[in-house]
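Report on one structure; see the data block that follows.
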Number of protein chains: 2
Amino acid sequence: MAPETKKILIADDEPDILEIISYNLQLHGYSVFTAKDGEHAIKIANEVHPDLIILDIMMPKKNGIEVCKQLRSQTDFQDTIIVFLTALNDELSHVRGLEFGADDFITKPISPKVMVSKVNSFFRRINKQDSSRAIEMGDLRIEPEEYVVYYKDQPINLAKKEFELLSYLASKPGRVFLRNEILNKIWGNDVIVGDRTIDVHIRKIRQKIGIDCITTVKGVGYKFEL
Amino acid sequence: MAPETKKILIADDEPDILEIISYNLQLHGYSVFTAKDGEHAIKIANEVHPDLIILDIMMPKKNGIEVCKQLRSQTDFQDTIIVFLTALNDELSHVRGLEFGADDFITKPISPKVMVSKVNSFFRRINKQDSSRAIEMGDLRIEPEEYVVYYKDQPINLAKKEFELLSYLASKPGRVFLRNEILNKIWGNDVIVGDRTIDVHIRKIRQKIGIDCITTVKGVGYKFEL
DNA sequence: CATTTTGCTTAACAATTTATTAATCTTGCA
DNA sequence: TGCAAGATTAATAAATTGTTAAGCAAAATG
């Protein structure tokens with residue numbers, strides 16, 4: 001949502017693989033970060049908040065599964081795509097990986113070309129999820145394609161940020177989104193904006209929509225509920 | 001999550017129990033299958049792939065624990081909720097059950113009404129996939145993602161500190177938390193607050209929740225129990 | 001190309017909610 | 001009884017959010 005170029009983190013202990021893959025992904029317009037072991041991967045992930053994380057299963061310090069497990073336990077990485085790099089016949093890793101929240105697998109060895117096309121398809125998948133599904137709650141309908149919200153079938157025009165913010169909150173009704181999560185998702189983790197910015201947008205949404213659909217949880221964040 | 005109606009398999013060797021429970025669950029819109037012994041249960045499970053499996057521990061042919069063990073070894077049943085029916089004080093079964101992958105326990109004897117509400121809560125749990133960290137005790141449900149506590153499905157809004165304090169105590173029901181532990185965890189080791197601060201928060205929680213779920217252990221601390 | 005409109009952000013201040021303290025009761029128990 | 005630990009209450013402090021208006025930049029308009 002926030003940044004245009006997608007960020008990818010690749011963690012593998014073989015420098016050659018890292019280099020080849022990241023070079024090819026960069027050629028295709030991705031912003032690539034690399035990590036040489038599990039702990040490093042977690043560090044980078046927290047710094048740049050990638051859109052996609054590719055983890056080798058076998059790594060020093062912390063293996064891929066542990067990294068995945070740990071990242072998934074952070075709310076920031078609930079929606080990040082995480083995929084594993086596995087050896088061809090490593091069935092066990094597949095099963096265990098899925099248990100811990102991996103989204104998919106890529107089997108080694110893999111050509112750069114195939115890798116790029118796989119990555120493209122991951123992002124196609126995520127984009128569909130994000131945008132093509134209308135969210136409907138009571139008299140409120142959010143149409144991602146139109147960038148419009150309807151209340152009792154009357155269209156309400158929200159500005160871009162307002163719309164993204166509302167959509168984000170409404171993506172999981174009832175769940176509280178921390179102010180930080182919101183900043184990361186809507187503004188991007190590298191953007192620094194003032195304290196009151198979110199509030200002002202929330203206010204505008206409330207104002208335009210006219211009904212109370214966003215609840216403040218003081219000291220925590222906001223949530224969408226009717 | 002393909003089908004709308006949830007499928008439940010109940011295995012018990014007492015026909016009366018089977019009938020009463022399944023009748024009541026059906027009234028509430030569930031699709032119920034029954035099995036009269038362990039082997040039967042495995043057969044049915046493989047045929048209908050239930051969303052929830054309730055196993056009596058003591059059954060002919062194969063006991064509940066063996067059934068659970070076997071089902072869990074099949075990948076199909078990795079994500080199925082499996083719960084045991086146990087006698088009130090059968091601690092051993094509890095322990096062994098958990099080892100073999102049970103998700104929860106229901107203690108006999110149990111009223112149809114309680115059974116239905118338990119089953120409902122299992123499905124709430126599964127629906128909110130990620131919010132599996134919800135704590136549930138009796139009529140009380142703590143939803144960390146929502147920052148809300150429910151009592152008999154009625155939401156109760158706690159302030160941040162109150163919520164954190166209750167969550168902390170409820171994370172290990174029955175265990176006494178020293179005042180110092182609480183201070184360290186909720187306030188941080190470096191923060192200095194007066195003696196009565198905890199008390200006041202405890203009071204507010206008790207007041208808002210309305211039932212006695214926090215017990216004072218004089219000279220020691222507090223514990224959560226129902 | 002100038003003008004207008006729209007959207008985003010900020011700053012200042014108001015309002016509200018939450019946290020803490022201090023003072024005063026209760027209660028259990030030696 | 002009298003003390004000690006905790007409960008209760010209300011007052012006050014602190015933290016957080018709401019509101020408004022204004023400035024600026026980018027986009028839209030004529």
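Within every chain, numbering begins at 1; the chains are lettered A, B, ... in the order of the sequence lines, protein sequences first and strands thereafter.
Closest approach to the K218(A) side chain among dT20(C), dG28(C), dT18(C) is made by dT18(C) (side chain taken as heavy atoms from C-beta onward). Looking at the side chain of V193(B), the nearest of the listed nucleotides dT20(D), dT21(C), dC8(C) is dT21(C). For K160(B), the listed nucleotide lying nearest its side chain is dA19(C); candidates were dA19(C), dT10(C), dT21(C). Of the listed nucleotides (dG7(C), dA22(C), dT10(C)), dT10(C) has the atom at the smallest distance from the side chain of T197(A). Set against dT19(D), dC8(C), dT16(C), the side chain of R196(A) has dT19(D) as its closest nucleotide. The side chain of R203(A) approaches dT20(D) more closely than any other nucleotide in the set dT20(D), dA7(D), dA19(C). The side chain of K161(A) lies closest to dC8(C) when the candidates are dT20(C), dC8(C), dT19(D).
The separation between I205(B) atom CD1 and dT8(D) atom C1' is 15 Å, rounded to whole Å. Distance NZ (K208(B)) to P (dT8(D)): 15 Å, rounded to an integer number of Å. If you measure from atom CD1 of I186(A) to atom P of dT9(C), you get 11 Å, rounded to the nearest angstrom. Look at CG on D199(B): it is 14 Å from C1' on dC25(C), rounded to the nearest Å. As rounded to whole Å, 7 Å separates atom P of dA7(D) from atom CZ of R179(B). For D195(B) and dT24(C), the CG to P distance is 18 Å, given to the nearest whole Å. Look at CD on E162(A): it is 6 Å from P on dC8(C), rounded to the nearest Å. One atom, NZ of K204(B), and another, P of dA7(D), lie 16 Å apart when rounded to the nearest Å.
Where G221(B) and V200(B) each meet DNA chain D at their nearest nucleotide, the meeting point lying more 5' is that of G221(B).
Within the 4.0 Å cut-off from OP1 or OP2 of dC8(C), not a single side-chain nitrogen or oxygen of W187(A) is found. Considering only side-chain N and O atoms, Y222(A) lies under 4.0 angstrom from the phosphate OP1 or OP2 of dG18(D).
Remark: R179(A) is not positioned above the aromatic ring of F177(A), lacking an NZ or CZ atom under 6.0 angstrom from the ring centre and at most 45 degrees off the axis.
Note on T216(B): only backbone sugar-phosphate atoms sit closer than 4.0 angstrom, heavy atoms only; bases stay farther off. At a threshold of 4.0 angstrom between heavy atoms, the contacts of F163(A) with the nucleic acid are absent.
In this structure, D12(A) does not pair ionically with K36(A), as no charged nitrogen and carboxylate oxygen lie closer than 4.0 Å. Using a cut-off of 4.0 Å between Lys/Arg side-chain N and Asp/Glu carboxylate O, E66(A) and K61(A) are scored as not salt-bridged. Ion pair E143(A)/R141(A) flagged as a salt bridge, since at least one NZ, NE, NH1 or NH2 atom sits closer than 4.0 Å to an Asp/Glu carboxylate oxygen.
Note: I214(B) CD1 to I209(B) CD1 = 7.0 Å, rounded to the nearest 0.5 Å.
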